[in-house]
Amino acid sequence: MTSLKRKLNLAMNTNKKKTDNKVKNVPQLHLTRLGREYFNVSCDKLAKFLLGKVLVHHVEDVLLKGRIIETECYLGGNDKASHSYNGRRTPANEAMYMEPGTAYVYKIYGMYHCFNISSIELGAAVLIRALEPIDGIDKMQDYRSVSRMKMIKTHELCKGPSKLCISMNITKENCNKVDMCNNNNLWIEADDFSDNFQIVNSTRIGIGPTAEEWVNTPLRFYIKDNIHVSKRDREKEKELTIVNEYLIKHI
DNA sequence: AAATCGATGCTCT
DNA sequence: GAGCATCGATTTT
């Protein structure tokens, strides 16, 4: 039943694709955008709630859309893996302290970006780790492929926090500190995607030895059996999965 | 499917 | 100067 809905969505999106590039009247496009009340929740609630929602970026006159498949919590406070550990606050991580729903984009390893969304706690944010490409897939291919010679599989386009930033053309320059509740180029929306999926709760990726005590804390969430997940955890998949308890009906 | 490893330059100490 | 919420290519199961 879920897959049927997915197929319908895919078919609809395929048909719409040609017109997407020509749409000019942006404000009318985000009638289902999520308002402040949806971001004004704790980090772990937001991380689970965002699964299945759609990230939208309007850039270079193209509408890019991807469904959120995988998220992680960065809590601040005593979370040593967080940029805001122990209240650390610098110009670079200022967005983590801004209004819930503010985009936090930072540069990593000198050449990549990661995209986060601020939650209600001071200094906390949700990292988006994977998307299912929905709209503007050709353009995503362009952004990912330096030369047109190499074709990237659609399910590989946004399989990783920095891959999705490249595909969605998200940079520190164009998205950091953007209020996603009040911006015409960047927002989250809900559609009629099935809410029957199960959520796997696993450990975060890339936590170094300096945050050893947090390595095993399960602060990563992803949609079970979804091919866009950046790294599966087969052991955690055997455990009781979380039922999506933060549903909203938007349309 | 998983593990290894080098590239690369920003940010903070 | 050290560390890094990663990627891509390559090698090994």
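Letters A, B, ... mirror the listed sequences (proteins, then strands); counts begin at 1. As the structure is a computational prediction, the values presented were derived from the model and not from experiment.
- For the pair A:Ile205 CD1 and C:dC4 P, the computed distance is 16 Å after rounding to whole Å.
- Among the atoms of the strands shown, none is found under 4.0 Å from any heavy atom of A:Lys80.
- Rounded to whole angstrom, the span from the OH atom of A:Tyr109 across to the P atom of C:dA5 amounts to 6 Å.
- The aromatic rings of A:Tyr106 and A:His83 lie perpendicular to each other, with more than 60° between the two planes, well past the 30° mark.
- Atom NZ of A:Lys231 and atom P of C:dA5 are 15 Å apart (whole Å).
- With a cut-off of 3.5 Å on both pairing distances, the Watson-Crick and G-U wobble pairs of DNA chain C assemble into stems of 3 or more at B:1-7 with C:6-12, B:9-12 with C:1-4.
- Within the structure, a side-chain polar atom (N or O) of A:Arg234 is placed less than 4.0 Å from OP1 or OP2 of B:dA2.
- Closest to the side chain of A:Met111, out of C:dC7, C:dA5, B:dA7, is B:dA7.
- Side-chain proximity of A:Thr90 to the nucleotides B:dA7, B:dC12, C:dT6 is greatest for B:dC12.
- With B:dC12, C:dT6, C:dA5 as the choices, the nucleotide that has an atom nearest any side-chain atom of A:Pro91 turns out to be B:dC12.
- Between A:Arg144 and C:dC7, a side-chain N or O to OP1/OP2 separation shorter than 4.0 Å is absent.
- If you take OH of A:Tyr85 and C1' of C:dC4, they are 17 Å apart, rounded to a whole angstrom.
- If you measure from atom CG of A:Asn93 to atom P of C:dC4, you get 15 Å, rounded to the nearest angstrom.
- One finds no side-chain N or O of A:Arg232 lying less than 4.0 angstrom from the OP1 or OP2 phosphate oxygen of B:dA2.
- Between the NZ atom of A:Lys163 and the C1' atom of C:dT6 there is a distance of 9 Å, given to the nearest Å.
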